[in-house]
Amino acid sequence: MLEFDKWKRVEDRNILALESVTRLHNVLDPTEPRNMIFGFHYYYRGGQGCTNVASRSPDEVLQEVEASMSGDHFTLYSLAEVAHLAEMKVPVRRSDPHSAKELVAAVRKRSRETELVIVFDIANPEIDVVYDIDDREASECYLEWLPWSGGDVYVFRMDVLDEGRDGSVVSSVSPPSDSPRVHALLDAKRPSPDGRTPSSGSY
């Protein structure tokens with residue numbers, strides 16, 4: 001294993017460390033106003049494999065983490081903490097299919113040469129990631145998003161969510177230790193049984 005990929009016990013990058021689990025539970029506290037977690041589960045040595053994550057339950061998020069493989073990376077955001085960064089926020093109603101068409105048109109325009117994260121703040125939250133949508137993809141988005149209607153939709157630029165402490169964009173799955181993603185709630189990895197995580201690696 002290469003030195004840059006060396007596995008060590010580092011609490012800051014262990015998503016199951018007590019501080020990380022506590023932070024997750026605190027932002028999804030049922031006594032607080034409704035919130036949700038969204039983000040991405042990247043597979044360690046997974047051939048660029050990635051799964052979207054969206055949930056209102058800390059237990060549900062932790063179940064996904066615990067079911068993952070050692071070294072898998074999770075970049076998670078609290079909607080309540082990043083909502084002000086959204087490019088746009090629009091209501092989309094299932095009873096009004098035209099609102100979904102308007103959303104697709106607005107997202108298509110904004111997606112030119114920009115990767116966007118679409119967050120559906122609904123009872124069972126969903127997210128999607130799009131880039132440079134063409135006619136065929138616009139039709140697919142409409143058919144996929146219409147059943148997710150019934151709440152507010154937030155549109156984020158991925159490069160804004162990926163902003164590092166120094167103002168640059170974190171382009172790798174694993175952020176550098178001196179410039180982590182400043183907007184992420186958790187940006188950490190599933191540890192091995194003995195508590196070790198890789199500093200980087202192929203995702």
Side-chain angles (χ1 to χ4, degrees), residues 10-29 32-44 48 50-58 60-62 64-65 68 71-90 103 106-107 110-122 125-132 148 151-190 197-201 203:
V10 179
E11 289 295 280
D12 285 351
R13 67 186 191 213
N14 179 350
I15 197 166
L16 293 178
L18 178 59
E19 182 179 347
S20 296
V21 173
T22 299
R23 192 179 308 157
L24 180 63
H25 277 277
N26 285 345
V27 301
L28 294 177
D29 184 339
E32 295 296 320
R34 194 177 75 168
N35 191 16
M36 64 175 280
I37 294 296
F38 71 93
F40 312 99
H41 169 189
Y42 300 95
Y43 304 113
Y44 184 70
Q48 298 183 339
C50 172
T51 297
N52 295 338
V53 177
S55 180
R56 299 193 188 285
S57 165
E60 187 174 81
V61 175
L62 289 171
E64 171 139 357
V65 172
S68 67
D72 283 8
H73 186 100
F74 290 80
T75 299
L76 303 175
Y77 301 89
S78 161
L79 179 60
E81 294 180 3
V82 300
H84 67 284
L85 300 173
E87 284 277 288
M88 57 183 285
K89 172 188 173 184
V90 295
L103 172 65
V107 167
R110 285 172 168 79
S111 74
R112 293 178 185 139
E113 300 184 7
T114 303
E115 193 171 24
L116 299 175
V117 181
I118 319 302
V119 178
F120 292 80
D121 186 13
I122 54 179
E126 297 280 358
I127 70 168
D128 203 355
V129 179
V130 298
Y131 175 80
D132 206 7
W148 297 349
D152 290 327
V153 181
Y154 294 79
V155 178
F156 297 92
R157 288 173 58 112
M158 185 72 87
D159 57 357
V160 172
L161 293 177
D162 280 342
E163 181 185 356
R165 181 183 294 155
D166 61 4
S168 64
V169 176
V170 177
S171 57
S172 61
V173 169
S174 303
S177 58
D178 60 343
S179 188
R181 290 182 177 88
V182 292
H183 304 301
L185 174 73
L186 294 173
D187 210 6
K189 304 173 190 298
R190 170 71 156 93
T197 56
S199 59
S200 185
Y203 288 90

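All values derive from a computational prediction rather than experimental measurement. Heavy atoms only: backbone and side chains are in, while hydrogens, waters and symmetry mates are out.
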### Query
Stepwise, does the side-chain contact (heavy atoms from CB on, under 4.5 Å) test hold for E115 with D159?
CA-CA 8 Å; E115 193 171 24; D159 57 357; over 6 Å; no
### Task
Step by step, work out the side-chain contact (heavy atoms from CB on, under 4.5 Å) result for R110 and E87.
CA-CA 9 Å; R110 285 172 168 79; E87 284 277 288; 4.2 Å; yes
### Message
side-chain contact (heavy atoms from CB on, under 4.5 Å), that's the test. Do D128 and W148 meet it? Break it down for me.
### Response
CA-CA 11 Å; D128 203 355; W148 297 349; 4.3 Å; yes
### Task
Given side-chain contact (heavy atoms from CB on, under 4.5 Å), test E64 with T51 step by step and report yes or no.
CA-CA 10 Å; E64 171 139 357; T51 297; 4.1 Å; yes
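Closest approach of S78 to N35, counting heavy atoms only: OG-ND2, 2.9 Å. Shown here for A54 and E60, the closest heavy-atom pair between the two residues is O-OE1, 4.1 Å. Taking all atoms of both residues into account, the shortest heavy-atom contact from S177 to R165 is O-NH1, 4.5 Å. Contact detail for S168 and S179: the closest heavy-atom pair is OG-OG, 4.4 Å. Residues S111 and V130 share a closest heavy-atom pair of CB-CG2, 4.5 Å. Scanning all heavy atoms of the two residues, the minimum distance from S20 to I15 falls at CB-O, 3.3 Å.
The shortest distance between side-chain heavy atoms of H73 and C50 does not fall below 4.5 Å. Within the 4.5 Å cutoff, side-chain heavy atoms of L16 are placed close to those of L62. Between V129 and F40, some side-chain heavy-atom pair lies under the 4.5 Å cut-off. Between L185 and Y77 the shortest side-chain heavy-atom distance does not fall below 4.5 Å. Using a 4.5 Å heavy-atom cutoff, the side chains of R190 and Y44 are not in contact. In this structure the side chain of D121 reaches within 4.5 angstrom of the side chain of R56, judged on heavy atoms. For the pair Y131/E113, a side-chain contact is recorded, criterion being any heavy-atom separation below 4.5 Å from C-beta on. When side chains are defined from C-beta on, P175 counts as touching D187, because their heavy atoms get closer than 4.5 Å.
From D72, atom CG reaches atom NE2 of H41 across 3.5 Å, with rounding to the nearest 0.5 Å. Here the straight-line distance linking atom OH of Y42 with atom OG1 of T75 works out to 5.0 Å at 0.5 Å rounding. Between the OG atom of S57 and the CE atom of M36 there is a distance of 12.5 Å, given to the nearest 0.5 Å. Interatomic distance, I37 CD1 to L28 CG, rounded to the nearest 0.5 Å: 4.5 Å. Here CE of M88 is found 8.0 Å from CD1 of I118. Values are rounded to the nearest 0.5 Å. Atom CZ of F120 sits about 5.5 Å away from atom CG of L103, to the nearest 0.5 Å.
Side chain of T22 to main chain of L18: a donor-acceptor pair is present (N/O by atom type, distance under 3.5 Å, no hydrogens or angles).
Not less than 6.0 angstrom separates the ring centroid of F38 from the ring centroid of Y154.
No more than 12 heavy atoms of other residues, nucleotides or ligands lie within 6.0 Å of CG in D12, so this atom counts as exposed by the packing criterion.
With F156 as reference, V119 is the one residue of V119, L116, I127 to meet the side-chain contact (heavy atoms from CB on, under 4.5 Å) rule.
A donor and an acceptor atom, one from each side chain of D162 and H183, are nowhere located under 3.5 Å apart.
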